[in-house]
Enquirer: 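Can you read through this structure? Questions will come right after.
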Amino acid sequence: MGFVKEFKEFAIKGNAFDLAVGVIIGGAFGKIVTSVIDDLVMPIVAAMVGKPDFSSIYFAMGKGAELIPKGASLADAKKAAPDAAIFAYGNFITVAINFLLLALIVFIMVKAINRMKKKEEEVAVAAPVVPTAEETLLTEIRDLLKTKA
């Protein structure tokens with residue numbers, strides 16, 4: 001029974017629970033960011049410069065490289081010359097571009113959220129401090145004592 005109690009304390013402890021919530025929210029946020037990039041940003045980029053898919057760019061070298069027809073896709077090149085060393089750098093370029101776009105979108109979103117938080121803090125600070133009932137009573141007593149003295 002001690003094991004179950006110990007596990008329950010661990011699972012409900014603030015740090016573990018907060019981490020679990022963070023992972024779940026992070027997964028959902030990741031889907032939102034992916035959707036923003038795939039559904040909103042990439043169509044605009046594709047309309048301006050064409051579809052940025054470099055995954056079929058490669059350089060074949062070594063044994064069998066001469067068997068690959070010119071202009072063949074990466075998949076066809078691997079089929080035509082399975083022994084050739086294929087340096088497929090195009091996929092890396094595509095992934096790097098996607099990462100840069102993702103980082104830019106996340107930066108813009110975080111900046112907007114921080115700006116909204118800052119405005120909320122400014123509104124909270126700008127609100128006048130209302131004295132408590134005790135402070136009001138003490139102020140009245142002080143004022144009465146001043147008038148009698």
Side-chain angles (χ1 to χ4, degrees), residues 1-62 68 71-79 81-82 84-149:
M1 199 61 164
F3 177 79
V4 173
K5 183 179 178 184
E6 194 174 332
F7 178 73
K8 183 178 175 183
E9 287 177 12
F10 167 77
I12 297 177
K13 191 183 288 186
N15 294 342
F17 191 72
D18 290 345
L19 178 63
V21 170
V23 168
I24 293 168
I25 296 293
F29 184 72
K31 289 180 182 180
I32 290 171
V33 171
T34 300
S35 176
V36 166
I37 289 175
D38 292 344
D39 301 332
L40 302 177
V41 174
M42 291 309 280
I44 294 170
V45 171
M48 291 188 315
V49 296
K51 187 174 182 186
D53 182 18
F54 304 104
S55 59
S56 62
I57 299 174
Y58 61 90
F59 177 76
M61 55 192 154
I68 300 172
S73 69
L74 181 60
D76 292 340
K78 287 182 178 181
K79 286 180 187 175
I86 297 177
F87 186 68
Y89 61 93
N91 191 44
F92 172 77
I93 294 171
T94 302
V95 170
I97 290 171
N98 287 342
F99 170 77
L100 291 173
L101 289 172
L102 174 74
L104 178 66
I105 297 299
V106 169
F107 173 75
I108 291 169
M109 291 174 74
V110 168
K111 190 172 179 176
I113 289 170
N114 286 340
R115 190 175 303 135
M116 287 188 295
K117 281 183 181 179
K118 188 175 181 180
K119 286 181 181 178
E120 289 176 3
E121 289 173 1
E122 288 174 359
V123 169
V125 170
V129 178
V130 178
T132 64
E134 185 177 287
E135 289 173 338
T136 305
L137 182 61
L138 288 171
T139 303
E140 290 173 5
I141 293 171
R142 181 197 66 201
D143 293 343
L144 284 171
L145 288 173
K146 279 184 180 179
T147 56
K148 288 187 177 185

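Note that the coordinates shown come from a computational prediction; the quantities given were computed from them, not determined experimentally. Note: hydrogens, waters and symmetry copies are ignored here, and every other heavy atom, side chains too, is used. For the single chain, residues carry numbers from 1 onward in sequence order.
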Enquirer: Going by the rule side-chain contact (heavy atoms from CB on, under 4.5 Å), which residues pair with Lys78 if we only count those two or more places apart in sequence or in a different chain?
Expert: Leu74, Ile86

Enquirer: Roughly how far apart are Thr132 OG1 and Leu138 CG, rounded to 0.5 Å?
Expert: 8.0 Å

Enquirer: Ring-plane angle category for Phe87 and Tyr89, please: parallel below 30°, perpendicular beyond 60°, tilted otherwise.
Expert: tilted

Enquirer: For residues Ala77 and Ala72, report the shortest heavy-atom separation together with the two atoms involved.
Expert: N-CB, 4.4 Å

Enquirer: Could you report the tightest heavy-atom contact between Thr147 and Leu144, atom names first, then the distance?
Expert: OG1-O, 2.7 Å

Enquirer: Quick one: pull up CD in Glu134 and OG1 in Thr139 and give me the separation to the nearest 0.5 Å.
Expert: 10.5 Å

Enquirer: Output the distance between atom CZ (Phe99) and atom CG (Leu104), rounded to the nearest 0.5 Å.
Expert: 11.0 Å

Enquirer: If a pair satisfies side-chain hydrogen bond (donor to acceptor under 3.5 Å, both in side chains) and one of its residues is in residues 19-42, list it, with sequence neighbours excluded.
Expert: Ser35-Asp39

Enquirer: Kindly compute the distance separating NZ (Lys119) from NZ (Lys117), expressed to the nearest 0.5 Å.
Expert: 15.0 Å

Enquirer: Using the test side chain to side chain donor-acceptor pair (under 3.5 Å), find all partners of Asp76 that sit at least two apart in sequence or belong to another chain.
Expert: Ser73

Enquirer: Measure the CD1-CD1 distance between Ile108 and Ile113 for me, rounded to the nearest 0.5 Å.
Expert: 12.0 Å

